[in-house]
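What follows is one structure encoded as structure tokens, with my remarks underneath.
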Amino acid sequence: MIFCYINFSFLSILFPIPNKKRDKMTTLLIRTVLIYIFLISIMRLMGKRQLGELEVSELVSTILLSDIASLPITDQAIPLMYAVIPIITITAFEVGMSLLLTKARFFKNILSARPAALIRRGQIDKKEMMKNRISIDELLSELRQQGVGDISEVEYAIIEQNGKMTVLPKRRYSQPTCDDLGLSPKEHGICHVLISDGKIDRYGLKITNKTEEWLIRTLKKQSTTPDEVFLMTLDDSGQSKIIKRSELLL
């Protein structure tokens, strides 16, 4: 907030503005920053879903939040609380409905769309396609985006609740698994970041139960230091990988 005020004051020196207008612009700037911070906090509370993964009720809530938040910014005669109270109300309602939907399937069937199988057991369901207003061209396009060039290779094509399509190929067209090949590979889990752009990630050390002393010893074996490392990761099996700055393309 202080930075924004200093920045605005610097601009007012370069471009002189009457005191009355300058006060209004300062007020507008402060209101905008406050609403922005408040909305970020509210959206974090509502969950981490991306916009493309929103269900209908969540999309409606997001649209309402943006409209309500813009009111005190565009009209300074409207108190900030006139936006804060409705935003809190909508957020509480949305969070409450989310909890209710996890407990009562009846409400979930009413408020949320069910997954729709456009292809079921290798056969196209024309009724579901018409119900979801999807043409055969759109279906083929979606399959191509999933890496499927021939519709006869598909066992199931399902539109999920978030609008995305899940494609399950027929067994003979799917990639062979380790069980199919009789292999027993070792699980590596996920990679945890220990060093990023020369900076030690202490959170990564914590969740991998490693110490900074262990990190330094490991780097010494590679004849390097944290400052020379662009990225260092450690997976769940204990294997570490190091990418040095000298290995990057410039």
Side-chain angles (χ1 to χ4, degrees), residues 39-40 42-67 94-95 97-98 101-102 105-193 196-197 230-237 239 241 243 247-250:
L39 275 180
I40 290 294
I42 289 296
M43 296 305 289
R44 288 293 301 274
L45 178 63
M46 290 177 64
K48 295 184 178 181
R49 293 194 179 195
Q50 300 177 1
L51 184 60
E53 299 174 345
L54 296 178
E55 293 188 9
V56 175
S57 61
E58 296 169 332
L59 180 60
V60 171
S61 297
T62 303
I63 294 173
L64 284 176
L65 289 177
S66 63
D67 287 341
E94 178 61 34
V95 173
M97 287 300 296
S98 298
L101 292 177
T102 60
R105 189 170 184 83
F106 172 75
F107 288 103
K108 188 174 183 65
N109 292 337
I110 295 176
L111 299 177
S112 299
R114 290 184 176 183
L118 304 183
I119 299 178
R120 187 190 306 270
R121 296 177 181 175
Q123 294 184 326
I124 299 174
D125 191 329
K126 189 175 181 180
K127 182 178 179 181
E128 283 292 340
M129 290 183 62
M130 294 180 63
K131 182 179 178 181
N132 289 273
R133 298 182 296 279
I134 295 179
S135 66
I136 186 64
D137 291 333
E138 292 173 317
L139 176 59
L140 292 174
S141 174
E142 196 68 40
L143 293 179
R144 288 194 296 271
Q145 294 180 53
Q146 297 282 344
V148 179
D150 190 344
I151 196 171
S152 63
E153 299 177 4
V154 179
E155 182 71 7
Y156 278 91
I158 303 172
I159 296 182
E160 305 293 353
Q161 290 175 313
N162 57 17
K164 293 186 177 181
M165 182 177 289
T166 299
V167 178
L168 302 177
K170 292 179 179 178
R171 187 70 173 175
R172 62 179 177 272
Y173 296 110
S174 61
Q175 295 290 336
T177 64
C178 291
D179 288 339
D180 295 334
L181 300 176
L183 303 176
S184 300
K186 184 179 179 180
E187 294 290 346
H188 293 284
I190 63 173
C191 290
H192 307 278
V193 177
S196 176
D197 200 10
F230 179 73
L231 178 66
M232 178 179 179
T233 61
L234 181 72
D235 62 29
D236 293 337
S237 67
Q239 293 185 356
K241 293 183 180 180
I243 300 177
E247 298 173 358
L248 301 178
L249 295 176
L250 300 177

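At distances below 3.5 Å, not a single donor-acceptor pair connects side-chain atoms of K241 with backbone N or O atoms of L231. Judged by distance alone, the side chain of Q146 and the main-chain N or O of A157 form no donor-acceptor pair under 3.5 Å.
Counting heavy atoms of neighbouring residues, nucleotides and ligands inside a 6.0 Å radius, atom NZ of K131 does not exceed 12 of them. Residue E247 places its CD atom among more than 12 non-hydrogen atoms of other residues, nucleotides or ligands, all under 6.0 Å distant. Applying the 6.0 Å contact sphere to CD of Q145 captures more than 12 heavy atoms from other residues, nucleotides or ligands.
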Exercise for the section: Take E153 and K170, measure what side-chain contact (heavy atoms from CB on, under 4.5 Å) needs, and give me the verdict at the end. Expected result: CA-CA 6 Å; E153 299 177 4; K170 292 179 179 178; 5.8 Å; no

TODO: Run the numbers on D197 and F230 for side-chain contact (heavy atoms from CB on, under 4.5 Å), then give the verdict.
DONE: CA-CA 4 Å; D197 200 10; F230 179 73; 3.9 Å; yes

Test side-chain contact (heavy atoms from CB on, under 4.5 Å) applied to L248 and I243, step by step: CA-CA 8 Å; L248 301 178; I243 300 177; 4.1 Å; yes

* To do: Decide side-chain contact (heavy atoms from CB on, under 4.5 Å) for L139 and M165; before the verdict, give the C-alpha distance in whole Å, the side-chain angles of both, and the deciding distance to 0.1 Å.
  => CA-CA 9 Å; L139 176 59; M165 182 177 289; 3.8 Å; yes

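Across every non-hydrogen atom of S237 and K186, the tightest pair is CB-CE, 4.0 Å. Taking each heavy atom of R120 and A117 in turn, the nearest pair found is NH2-CB, 3.6 Å. The two atoms that bring A116 and N132 nearest to each other are CB-ND2, 3.5 Å, heavy atoms only.
Taking CG of D236 as the reference point, atom NE2 of H192 lies at 4.0 Å (rounded to 0.5 Å). Rounding to the nearest 0.5 angstrom, the gap separating the CD1 atom in I158 from the CG atom in D125 is 11.5 Å. Taken from CE in M129 to OG in S135, the straight-line distance is 6.5 Å, to the nearest 0.5 Å. From T166, atom OG1 reaches atom CD of E142 across 10.0 Å, with rounding to the nearest 0.5 Å. Taken from CG in L118 to CD1 in I159, the straight-line distance is 4.0 Å, to the nearest 0.5 Å. Interatomic distance, CD1 of I119 versus CG of L143, reported as 5.0 Å (0.5 Å rounding).
Judged purely by distance below 3.5 Å, without hydrogens or angles, the side chains of D150 and S152 pair a donor atom with an acceptor atom.
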